[in-house]
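This chain uses plain numbering: 1 for the first residue, then up along the sequence.
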Amino acid sequence: MNIHEYQAKELLKKHGVKCGAGYVAETPEQAVEVAKKLQEETGTKLWVIKAQVHAGGRGKAGGVKIAKTLDEVREKAGQIIGMTLITPQTGKEGIKVNKVLVANDLYYEGEHKPKEYYLAILLDRSKQCNVIMASAEGGVDIEEVAHKTPEKIIKEWVDNRVGLQPFQARKIGYALGLEGTAHNDFVKFLFGLYKTYLNTDATLLEVNPMLRTSDNQIVAVDCKINIDDNALFRQKEIAAMRDITQEDPMDVEASENGLNYVKLNGNVGCMVNGAGLAMATMDMIKLSGGEPANFLDVGGGANAQTVEAGFRLILKDPNVKAILVNVFGGIVRCDRVANGIVEAYKKIGDIRVPIIVRLQGTNAEEAAKIIDNSGLKVQSAILLKDAAEKVKAAVS
C-alpha cells in the first residue's frame, strides 16, 4: 500500500527522524492559513507547495511550486489542487490532485551550502536481507544515476540476525562525504529510518532528497514509504491512511471483494483460483493466439459472490473478446463453482462475450453437466487442450 508524503513524514517523526515542518491543505484558503501557521512556528520566508499524489516526478510535472508571498501561496495552491498530474509513474491518464502539503523552506543560508543526498531502505530478495542504498547525487532521478554512474550508488546489506550496526551507519556517512556534526546527525537519522522501516512493515522507504542543511542538520525533505499489504492486519493505524482516490477504481473494487486482480492489455479475460494456475492459464491463452486481459485469482474458496464480482470486473474492460474460467476443484468442489457461475451469469444478465469454463478436480464431470444443461451461452471444457481450442476460436 502506498501512502502520501505527509503521512510518511508523520511516521518518520514518531521514530525521531527530522523532517521539515508542513501541513496539508485541500483548498487555496486552507493553504494560506497553514502558511501563516508555518511562518509563526518556523519563521520561514517562503513556502513549498507540493501535490500529494501516489507518484514520483511531481516537480517536473508542475506539482511542486515555490511561493514567496501569501498571495502566491493561494495562487499556486489553486493551480495544483484539482489538476491532473501526469508523470512517468502515473501513465497517460494521470492522477487528480486533491490536496497539497505546504512546507517550510529548508534551504536557508548559513555557514555551509545545503547539499542533497539520496537514501533508501528496501528488501533485497536475492540476498534475503534488507539493503541500504545511498548516493551523494540526491534530488535527481536515482534510476538515471544508477544507469549512467553506478559507482555513485553506495550499498550496505544488513544482517537480519543482528540488525543495523553503528559501524555500518558510520561507514555510509563517511562514504557520502559527511563530517563532524553532520556525520553524527546522519547516524542518528539512519537509525531512525531503519526503525521506521521495520516497525511499519515497509517494503521500501525512500528519502529523496535527504538534505544537509547549511547548519549541518540532516533532514528528510521528501519521503516515500510502501507498506506490505500482507502486514496491514497488524498495522491498523497505517491501513487507515489508505487513500482510495489515488488508486485505480477497478483495483479498489477487487480488494473490496477479496480478489487478487491486475489489469493487462489483452483480449481474453481470465478467472482462476490460485496464483500458479493463473500464471499457467495466462501462458495458455497466449499459446492459443490470444492475449490475457487480466490476472484474476478468486482464491481457493470461490463462491457465487466472488465469481460474480470477478465477472463484473472483467466485463468492465471493453477490450475483452472472451472469458476463460479455469478452476481446479481442490478446496472447493467443481459442481459448487459451476452453480456459482450459472448464478452469477443470471444476475449479471446481458453478457455478450463467449465464456469458456474449464473445471477440473472434485466433481468435475458433474460440474460440466451443470454448465451444459444451464441453457446459457457458456462452453464447458475438462481438458486444458479443449479450453485452449475454444479460446482460440472465440478470439479469431
Side-chain angles (χ1 to χ4, degrees), residues 250 253-254 257-275 277-329 332-396:
M250 294 180 73
E253 183 178 340
N257 288 282
L259 303 172
N260 296 308
Y261 173 84
V262 179
K263 188 180 182 306
L264 302 173
N265 297 319
N267 55 5
V268 180
C270 54
M271 186 189 310
V272 191
N273 66 331
L277 185 59
M279 298 299 289
T281 302
M282 292 165 67
D283 287 342
M284 188 271 290
I285 289 172
K286 289 184 71 70
L287 289 172
S288 69
E291 287 289 336
N294 62 272
F295 170 99
L296 177 56
D297 174 13
V298 297
N303 54 37
Q305 288 73 32
T306 54
V307 170
E308 180 183 347
F311 273 132
R312 290 189 184 278
L313 270 177
I314 293 172
L315 291 168
K316 286 182 179 180
D317 186 347
N319 296 323
V320 170
K321 294 182 179 180
I323 299 175
L324 172 61
V325 180
N326 188 13
V327 172
F328 175 74
V332 59
R333 301 194 319 263
C334 289
D335 57 326
R336 195 172 181 179
V337 176
N339 283 321
I341 291 170
V342 172
E343 185 179 335
Y345 194 109
K346 290 178 178 178
K347 280 187 177 180
I348 294 172
D350 189 21
I351 298 178
R352 300 183 180 182
V353 299
I355 298 178
I356 299 96
V357 178
R358 176 191 178 251
L359 299 172
Q360 187 60 271
T362 307
N363 292 352
E365 294 182 2
E366 291 87 340
K369 291 178 182 178
I370 292 171
I371 296 295
D372 292 338
N373 296 330
S374 66
L376 304 175
K377 295 180 180 179
V378 180
Q379 306 172 52
S380 66
I382 295 178
L383 299 177
L384 197 59
K385 180 181 178 183
D386 295 337
E389 290 176 351
K390 291 180 179 180
V391 168
K392 184 176 182 179
V395 299
S396 60

Measuring from atom [atom1] of [X] to atom [atom2] of [Y], what distance do you get when rounded to the nearest 0.5 angstrom?
| X | Y | atom1 | atom2 | result |
| --- | --- | --- | --- | --- |
| L259 | E253 | CG | CD | 8.5 Å |
| I314 | I323 | CD1 | CD1 | 5.0 Å |
| I355 | S380 | CD1 | OG | 12.5 Å |
| M279 | M284 | CE | CE | 14.0 Å |
| E308 | K347 | CD | NZ | 5.0 Å |
| D297 | T306 | CG | OG1 | 10.0 Å |

Do side-chain atoms of [X] reach the backbone of [Y] as a donor and acceptor pair under 3.5 angstrom?
| X | Y | value |
| --- | --- | --- |
| D317 | N319 | yes |
| N294 | C270 | yes |
| N273 | V298 | no |
| D335 | A367 | no |
| K390 | L324 | no |

L315 side chain reached by V353 side chain, heavy atoms, under 4.5 Å: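 The answer is yes, as the side chains (C-beta and beyond) meet within the 4.5 Å cut-off.
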Note, N265 side chain near E291 side chain (heavy atom, < 4.5 Å):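 No. Closest side-chain heavy atoms not under 4.5 Å.
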How about [atom1] on [X], more than 12 heavy atoms from neighbouring residues, nucleotides or ligands closer than 6.0 Å, or not?
| X | atom1 | value |
| --- | --- | --- |
| N373 | CG | yes |
| K392 | NZ | no |
| E389 | CD | yes |
| K321 | NZ | no |

Derivation of the side-chain contact (heavy atoms from CB on, under 4.5 Å) call for V307 and M271: CA-CA 8 Å; V307 170; M271 186 189 310; 4.2 Å; yes
[X] versus [Y], closest heavy-atom pair with distance:
| X | Y | result |
| --- | --- | --- |
| N326 | R358 | OD1-NH1, 2.9 Å |
| A322 | A394 | CB-CB, 3.7 Å |
| A278 | F295 | CB-CE1, 3.5 Å |
| V391 | S288 | CG1-OG, 3.5 Å |
| P292 | L264 | O-CB, 3.5 Å |
| Y261 | A254 | CB-CB, 3.5 Å |

